[in-house]
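Here is the naming used below: chain letters follow the sequence lines, and residue numbers restart at 1 for every chain.
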Amino acid sequence: MKPHCQSHRNLLLASAIAGLFLAAPAFSQQQPAAPASAPPAAAAPAALPPGSPLIGRPEGNEAASKLAPVAPPPLPASPDKLPVSKLKLPPGFNIEVYASGIANTRSLRVGTKGTVFVGTRFGNKVTAIVKKDGKTELYTVAQGLYRPNGLAFHNGTLYIAELSQISKIDNVESVLDNPPKPTVIYSDLPKDEAHGWKFIAIGPDNKLYVPVGQPGNNVLHDKDHGQIRRMNLDGTGAEVVVLGMRNTVGFDWNPNTKELYFSDNGRDWMSEDVPQDELNRVTATGQHFGAPYCYQGNIPDPEFGWGRKCSEFVPPVALTGPHSAGLGMRFYTGDMFPKKYKNAIFLARHGSWNRSQKVGGDVMVYVLNKDGTVKSSEVFLTGFLENNGYIGRPVDVEVMADGSMLLSDDWNGAIYRITYGKAKAASK
Amino acid sequence: MCLACHGEKGQSATPDTPSLGGQPAPYLLIQIYLFREKQRAAPLMNEMAKGLTDDDLRALSDALAKLPPPQPPADAPDPARMERGRALITRHRCNSCHNLDLSGRENIPRIASQREDYLARTLREYKSNTRHGYDGVMAEVLGPVTDAEIVDLAHFAAHFR
């Protein structure tokens with residue numbers, strides 16, 4: 001498909017909008033409605049459906065009633081409105097806008113030729129970004145998809161994960177101008193909206209890893225949910241490799257030990273401070289990480305934990321903050337950043353909604369010990385949270401061939417590029 | 001252009017066509033965006049939204065958000081259905097997102113005094129996920145709600161003042 005062009009204004013529409021102002025009476029914002037009639041004495045709230053975002057929310061609590069998942073604006077922010085100048089990094093690091101004007105930018109992958117692919121959760125397209133002669137070209141490589149959040153790239157092939165199916169485009173970087181419709185390779189996936197959007201990745205074993213989230217805040221899930229599956233790159237041979245996973249939207253493999261590490265979002269409505277979200281490490285197939293019986297490794301769930309012990313499950317290697325929504329993560333394998341970051345985990349924390357005082361809206365770094373446990377954690381990039389509100393929300397990180405790091409921001413529909421060193425080197 | 005179908009004063013007299021008055025601007029923006037992107041399938045609206053720029057969408061939703069809220073229909077509501085509807089609103093906690101007065105906020109629409117035919121159709125479409133919401137919440141919420149309950153909920157919200 002040709003690169004996008006600036007569309008011209010619809011003059012007819014402009015005059016219609018003007019007409020609207022003239023025709024509509026000069027009412028101010030809606031009048032406050034009459035107070036609701038008193039609730040009936042007899043009606044008791046029913047059990048909520050498993051996927052309801054209200055499960056567990058305390059009744060009649062004013063602070064709690066103000067909390068709900070935050071929906072991002074559907075339109076990307078214009079370049080002059082991006083918060084890049086407010087983002088803070090350690091000394092020596094730089095950050096610039098890599099691409100913008102792409103709605104709801106989520107998972108990131110880089111092709112062999114340097115093409116950057118970005119998925120979306122609220123849109124329906126997969127977009128490719130090509131830098132050519134100092135210009136940024138955007139291509140739509142697939143559209144009409146349903147929540148195409150997950151992407152993986154391997155041997156020239158782009159893999160796309162929608163809510164309930166995986167598809168692929170071979171030799172994608174050669175067909176950006178006129179890509180074929182993606183070929184579906186796997187569709188044996190549940191269709192639940194709750195925690196159904198996916199992150200996918202291909203492991204050192206050349207298998208495609210696909211999570212299926214727990215279909216609700218805190219529910220007993222069946223044998224098809226709350227897990228990570230892996231399969232051959234043609235979609236055959238699917239098997240479950242991780243159990244007790246609530247909702248992961250980011251995972252990667254330790255370059256030294258080849259073990260899988262995944263971020264996992266903890267349950268809501270238990271309290272503002274617990275449980276924290278988790279960084280988990282898989283050391284064997286079939287391990288169970290606790291959800292919904294035990295959270296953060298040491299908190300038996302008040303509803304489902306009865307008769308179970310947290311010691312039955314694999315505890316996290318790090319706690320990543322209460323409700324902070326750690327999503328995309330990668331081991332930094334580049335050579336541009338200082339040595340201390342080599343093989344450390346960078347985790348984008350999308351930021352909380354289930355807290356009165358928000359946390360997250362930043363990128364964390366976890367340095368590992370040689371044995372794979374976490375040695376230290378620190379904030380790497382901050383600034384997306386301002387006055388308890390989001391001016392951006394980071395989703396995924398990806399390492400480029402030159403060792404620079406990309407960061408997606410689904411609130412603004414933008415991708416930033418982080419470099420280390422003199423400005424001269426960074427502008428490559 | 002919009003008002004011919006949706007009504008001059010935020011109140012739609014056209015069957016199956018929603019009233020747009022009293023809707024939060026962010027909600028309107030999301031819906032016209034979904035129409036433009038064809039993520040919400042309604043051929044007439046997909047056609048109307050085709051070719052609109054991002055700035056058009058913003059201007060349109062801001063302008064429409066100034067329309068006054070619709071009024072409930074003139075006909076008297078069915079008392080039994082209102083009683084059942086009131087209980088269902090509480091039971092399914094509609095008013096926790098849509099507000100106690102069902103006026104909506106941010107990306108959540110006003111449902112008070114919306115057209116009854118449109119409300120019933122919308123609830124059915126959300127339940128079957130044939131209408132894909134922006135974030136998928138309504139598909140989950142309507143899981144246990146029966147069709148008979150949808151009919152009562154639509155009647156209640158349409159007549160709610």
**Asked** Does the side chain of B/L29 reach to within under 4.5 Å of the side chain of A/P73, using non-hydrogen atoms?
**Response** no

**Prompt:** Where is the tightest heavy-atom contact between A/A71 and B/Y134, given as atom of each residue plus distance?
**Reply:** CB-CE2, 4.3 Å

**Fill in**
For B/Q39 and A/F122 the tightest heavy-atom approach is NE2-O, 2.7 Å

**Prompt:** A/G144, A/P69, A/A194, A/G196: which one forms the most heavy-atom pairs within less than 4.5 Å of chain B?
**Reply:** A/A194

**Request:** With a 4.5 angstrom heavy-atom cut-off, could you sort out which part of B/R36 is near chain A: side chain, backbone, both or neither?
**Result:** side chain

**Prompt:** In terms of heavy-atom proximity below 4.5 Å to chain A, should B/V141 be classed as side chain, backbone, both, or neither?
**Reply:** both

**Request:** State, with a plain yes or no, whether a side-chain heavy atom of B/N129 is found less than 4.5 Å away from one of A/E193.
**Result:** yes

**Prompt:** To the nearest 0.5 Å, what is the distance between CG (A/N217) and CD (B/E140)?
**Reply:** 12.0 Å

**Prompt:** Taking everything shown except A/N387 itself, do over 12 heavy atoms lie less than 6.0 Å from its CG?
**Reply:** no

**Request:** Look up atom CG in A/L75 and atom CG in B/L57, then write down how far apart they are to the nearest 0.5 Å.
**Result:** 5.5 Å

**Asked** Taking atom types as modelled and ignoring hydrogens, do the side chains of B/E37 and A/N124 form a donor-acceptor contact shorter than 3.5 angstrom?
**Response** no

**Item:** Partner chain A: residue of B/H132, B/M138, B/E106 with the largest heavy-atom pair count (under 4.5 Å)
**Value:** B/H132

**Asked** Just wondering, do A/P76 and B/D54 contact through their side chains at under 4.5 Å, heavy atoms?
**Response** yes

**Item:** A/A103 to B/Y33 - nearest heavy-atom pair and separation
**Value:** CB-OH, 3.3 Å

**Item:** Most chain B-contacting option - heavy-atom pairs closer than 4.5 Å, from A/R147, A/R57, A/R121
**Value:** A/R147

